[in-house]
Amino acid sequence: MTTISYSPAFDSATAEALLAGAMSDPFSVLGPHKNGRRWSVTALIPSALSVEVLDGKTGKVEAELHRLDGRGLFSGFVRKPVATGAYRLRARNDSSVWEQDDAYRFGPVLGEMDEYLIAEGAHLRLWEKLGAHPLEHDGVKGVSFAVWAPSASRVSVVGEFNLWDGRRNVMRARGTTGIWEIFIPGLGEGSLYKYEIRDASGNILPLKADPVGFGAEHPPATASVVRDLNGYEWRDDAWMAERADRNRHDRPISIYEVHLGSWKRKVEDGNRPLSYLEFAKELVDYVVDMGFTHIELMPVSEHPFDGSWGYQPIGLFAPTIRYGTPDEFREFVNACHVAGIGVLLDWVPGHFPTDVHGLGQFDGSALYEHADPKEGFHQDWNTLIYNYGRREVQNYLCANALYWLREFHIDGLRVDAVASMLYRDYSRKEGEWVPNEHGGRENLEAIAFLKRTNELVYDADVGIIMAAEESTSFPGVSQPTDRGGLGFGFKWNMGWMNDTLQYIARDPIHRSHHHHEMTFGLTYAFSENFILPISHDEVVHGKGSMISKMPGDGFDKFAGLKAYYGFMWGHPGKKLLFMGQEFAQGSEWSHDRSLDWHLLDHEWHRGVQAWVRALNKFYAETPSLFETDCIASGFFWLEVDQSDLSVYAWVRQGDEGKDPVIVVCNMTPTPRDGYRLGVPNSGQWDVVLNCNAEEFGGSGHGSETYSSEPVVWSNQDNSVSMHLPGNTTLFLKRKG
C-alpha cells in the first residue's frame, strides 16, 4: 500500500472526503493556506500525473507539488508572495500539458449585503447575483456561479470544462443563507454547465440546470449555458419615454398573440421556425401593417417540451434558444419598439414541470415546491406548485418579473392561470386540498405574492401592463392593492369570451333563444379593466379554428366571423386575437407547423384580414372606442332585447366633446330593410365601417348615409330608417 505524506493543511480523512466529492467546504483545504510559518498550495486535478505552481509575476516554476496518493490530489509548500499572488498551475499527464488558474485562490464574489437581502427575500435584482456571470475577478476573467440550495451538503459546478466531474469545482457555502458560490477562471460566454448536488443524506441528485440561468442548450439537451447580459445597446429611447402613455386604460390596445414556433416557418430550410432576428423584420412589419398595438408572446422562458407551448418552463430567466440568443431576443424587442409596437410576455409563476433537471426536489428537499402534494402538485397538468409562502421562493418569482422588464425592456406580463393560484381547491375534490389558516379555500400566500409582484412592477415603472388570465369572479383583480385588489392593470374577460363564442357557434335560427349570451358581459363590463381575449386556447384540443366555429357554408361563415369581430371591436374592452384568426386560419392551430398563409390567395380570407386591419385602424383613430373602455358612462344600449331579430345596437362615447359611435350588429343571414334605429343626435349618420363592404369580401350592401327623422325610438328623440345586411356589423358616425 502506498504511503501518503499529507501536507500540514489536512489529514487522510479530509483527503478521502475531497477525493470522494463528499466535502462541503473544500475552500478550507484547497488553494493557498498558511500552515504555521509556511504557506502551502493544494490542488485536486484527478486527470493529472504532476502539477507545478508557477509564479504569477514571472511565470517561472515555483514548486512541483507532491502527488499525494495517485488519485489527483497534490500539495506542497511555496513562498508567501506566490501563495498570496496570482499564481497558476501547470498540469501534465501522459498525453498533454495545460495551465490553469486555481479556482480556490479566489475570494467570494457575493457581498454581505447580498447575503442579507437574499436571506430576507428582498433582493429585487436577484439575477445580478445568482446564476452564472462572466466577469473579471482579481484581474482574471472567468465566470462567477451562485445558486440557492440550503439543504445540500455539497454543490459543484460541472461541465465540459471539468469533464462533468463534481469533485473539481465544489462551491463555497455562504453561511446560513443556503447560497453556494464559486468563481471559475477561464470560462466565458457559451460554456455549458449544470449543478451536481449532494443532498443532506449524501445522495448525489440528478444534475440540475441553473434556476437563474440566462441560457440553455437546444432541447432535448438540458444544460445551462453561460450568457453575458452586459453590453447590449438599446435604441428604443423614444418608445421607453412614451410607453406609459401608450399603455394607459384610456388608450387603444389591440394585441396580436403569437406562438413564435408556428407563426411562420422556412419550408425551404428544413421547415424551421424563424429566428428572433427574422421576427424582428417579418413579424414586426406584419403587425405594423395590420394595425395591432402590441404583440403578446406565448412563453419564451426556456422549456424542455415543445408540446407545452412554453407553459411548463424550467429556465424562467432564459429566453428560449429555439430562436436565438438573449441579445437576439433583445434585438427583436428593440425592433418592435422602434416600430411603435409594445411587447407582452406570457409569464408562468403558477406551476413548473417535474423534469429531473428542473426545480423539483432541487437540493433533495421540497425547496421551491410544497412537500405535501395536496398543496404542491397540479393534478390537471402533472406539474409542481411554487411554495409562495417561502420568502426566498417569492423573491425568486418577483425578481424574475422585474428581470424581464429591466433586462429585456418588456412592456408587460400576462400572468397565466391566476385562478389556479388563488384557490387551494382548484380542480380538486373534497379531501384533496389543505385549507388556509382560517379554514378557507383561498390561497393567502399566492394572493400576497401576486399583490407584491404587481406593487413591485408598478413601482418600477407605471407604464407596464400587468394582465391576469383569471377565469373566476374573484373580486378586484384589476384594482390597486391599496383598495383591496390584486393590483393587476387588466384582466382577461373569460366570461365574455365563453358566452360569445358559445353564441356564434349556434345556428342563427336558434340564436334568438340565447340572445343574452352576447349581452350578459355588459352587466359586469366595468367591474374590472378588461381585455377581450380570443386566444390560442380557443383553437386547440378539438375546438377547431374560428372560421370552423361559424355555422353555415362558404360566404355565410366568413360573413359571420367578420360580424363577430365587429361586435368585439365595438364592445368595451381592449382586444386580443391569436395569430391566424385575423385571416380565418382554416385548420385548428398546431404548435409544430406554420399557419396556413397560402389561404390568403383566396379572396374571402383576404377579406377577413382586411376587415381586421380596418377595425384596428378605425379603433386607433376613434377615441370613443377606447377612452372610456373601463368606464360605464362610455356605453349605452340602443337595442338590447331584439332577440327575435338577433340584432344588437349601442353607442360608444369618449371624453366630453368627442363624437359618439353607433355599433349595429345583425347576427343572422337575414337582411333587415327599413330597420329603424334610434340615434343620439339629429343630422346625417354615415356608415363609416361595414364588414359587408366589397373590400372585405362582402356583397357591398349597407355602406350608406342616413338622415335622421324626429321619430322617437330606443329612448332617443331621433332615429333613422336603414338597410341592415345579414351577418353584418356596421359602425356609424354623425356627419360633420
Under the criterion side chain to side chain donor-acceptor pair (under 3.5 Å), I'd like the reasoning laid out for Asp199 against Ser151: C-alpha separation, chi angles, the key distance, then a yes or no. CA-CA 6 Å; Asp199 69 14; Ser151 294; over 6 Å; no
For Arg390 and Tyr368, what are the C-alpha separation, side-chain angles and deciding distance, and is it a side chain to side chain contact (heavy atoms under 4.5 Å, CB included)? CA-CA 8 Å; Arg390 186 163 189 167; Tyr368 288 89; over 6 Å; no
Walk me through it: do Ile504 and Thr500 pass the test side chain to side chain contact (heavy atoms under 4.5 Å, CB included)? CA-CA 6 Å; Ile504 63 166; Thr500 61; 5.5 Å; no
Before giving the answer on salt bridge (charged side-chain N to carboxylate O under 4.0 Å, His left out), spell out for Asp425 and Arg428 the whole-Å C-alpha distance, their side-chain angles and the decisive distance to 0.1 Å. CA-CA 5 Å; Asp425 64 345; Arg428 294 178 186 272; over 6 Å; no
Audit row: Val158, Leu207, side chain to side chain contact (heavy atoms under 4.5 Å, CB included) steps and yes/no: CA-CA 9 Å; Val158 296; Leu207 296 182; 4.0 Å; yes
Applying salt bridge (charged side-chain N to carboxylate O under 4.0 Å, His left out) to Arg391 and Glu120, what does each step give before you reach the verdict? CA-CA 7 Å; Arg391 60 178 180 269; Glu120 289 293 304; 5.2 Å; no
Step by step, work out the side chain to side chain contact (heavy atoms under 4.5 Å, CB included) result for Leu532 and Met497. CA-CA 7 Å; Leu532 309 181; Met497 177 270 297; over 6 Å; no
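Ring pair Trp309/His259: centre-to-centre distance not below 6.0 Å. Between Tyr458 and Phe488, the distance separating the two ring centers is not shorter than 6.0 angstrom. Taking the six-membered ring for Trp, Tyr403 and Phe408 have ring centres closer than 6.0 Å. Between Phe530 and Phe490, a ring centre-to-centre spacing not shorter than 6.0 Å is recorded. Between Phe377 and His351, the distance separating the two ring centers is not shorter than 6.0 angstrom.
Between the side chain of Asp355 and the backbone N or O of Gly358, no donor-acceptor pair lies under 3.5 Å. A donor-acceptor contact shorter than 3.5 Å is absent between the side chain of Asn443 and the backbone of Tyr423. In this structure, Lys575 contributes its side chain and Gly573 its backbone to a donor-acceptor pair below 3.5 Å. Judged purely by atom type and a 3.5 angstrom limit, Lys574 has no side-chain atom pairing as donor or acceptor with the backbone of Trp492. In this structure a side-chain-to-backbone donor-acceptor pair under 3.5 Å is missing from His303 to Pro353. Not a single donor-acceptor pair under 3.5 Å links the side chain of Gln502 to the backbone N or O of Asp499. Checked by atom type and distance alone, the side chain of Lys208 pairs as donor or acceptor with a backbone atom of Gly360 at under 3.5 Å. Proximity of a side-chain donor or acceptor of Ser144 to a complementary backbone N or O of Val109 within less than 3.5 Å is not detected. Looking at Asp165, its side chain never comes within 3.5 Å of a backbone N or O of Asn162 through a donor-acceptor pair. Side-chain N or O atoms of Glu470 include none that pairs as donor or acceptor with a backbone N or O of Ala468 at under 3.5 Å.
Taking the six-membered ring where tryptophan is involved, the planes of His591 and Trp589 are perpendicular, since the angle between them exceeds 60° and thus also 30°.
Between Leu359 and Glu369 the shortest side-chain heavy-atom distance does not fall below 4.5 Å. With a 4.5 Å cut-off on side-chain heavy atoms, Asp114 and His123 count as touching. Side chains of Ile314 and Glu302 form no contact here, defined as non-hydrogen atoms less than 4.5 Å apart. Side chains of Thr383 and Gln312 form a contact here, defined as non-hydrogen atoms less than 4.5 Å apart. Looking at Leu402 and Leu124, their side chains come closer than 4.5 Å, going by heavy atoms from C-beta outward. Met546 is listed as a side-chain neighbour of Ile534, based on a closest heavy-atom distance under 4.5 Å. With contacts defined as side-chain heavy-atom distances shorter than 4.5 Å, the pair Phe352/Val348 does not qualify. Asp372 places a side-chain heavy atom less than 4.5 Å from the side chain of Val434.
Electrostatic pairing of Arg414 and Glu469 counts as a salt bridge here, judged by a charged N lying under 4.0 Å from a carboxylate O. Look at Asp327 and Arg330 and you find a salt bridge, because one of the NZ, NE, NH1 or NH2 atoms lies within 4.0 Å of a carboxylate O, short of that distance. Comment: Arg424 engages Glu375 in a salt bridge, judged by a side-chain N to carboxylate O separation of less than 4.0 angstrom. With salt bridges taken as basic N to acidic carboxylate O contacts below 4.0 Å, one links Glu189 and Arg227. Using a 4.0 Å cut-off between charged side-chain N and carboxylate O, Asp461 and Arg406 make no salt bridge. The residues Lys543 and Glu588 are annotated as not salt-bridged, no charged nitrogen and carboxylate oxygen being separated by less than 4.0 angstrom.
With respect to Val147, the side-chain contact (heavy atoms from CB on, under 4.5 Å) criterion is satisfied by exactly one of Ile179, Val155, Asp363: Val155. Evaluated for a side-chain contact (heavy atoms from CB on, under 4.5 Å) with Arg154, the options Glu196, Arg167, Met23 yield exactly one hit, Glu196.
Put simply, OG on Ser254 and CG on Leu577 are 7.0 Å apart, with the number rounded to the nearest 0.5 Å. Note that CD1 of Ile182 and OG of Ser156 are 8.0 Å apart. Values are rounded to the nearest 0.5 Å. Here the CG-CG distance, from Leu110 to Leu117, works out to 11.5 Å after rounding to the nearest 0.5 Å. Note that CZ of Arg265 and CG of Asn271 are 5.5 Å apart. Values are rounded to the nearest 0.5 Å. Taken from OG in Ser224 to CZ in Phe145, the straight-line distance is 9.5 Å, to the nearest 0.5 Å. Annotation: the span from Ser594 atom OG to Arg272 atom CZ amounts to 12.5 Å, rounded to 0.5 Å.
Other residues, nucleotides and ligands contribute at most 12 non-hydrogen atoms within 6.0 Å of the OH atom of Tyr116.
With Phe27 as the aromatic partner, Arg172 meets the cation-pi criteria of under 6.0 angstrom to the ring centre and within 45 degrees of the ring axis.
Under the 3.5 Å distance criterion, with hydrogens and angles disregarded, no donor-acceptor pair is assigned to the side chains of Asp416 and Tyr311.
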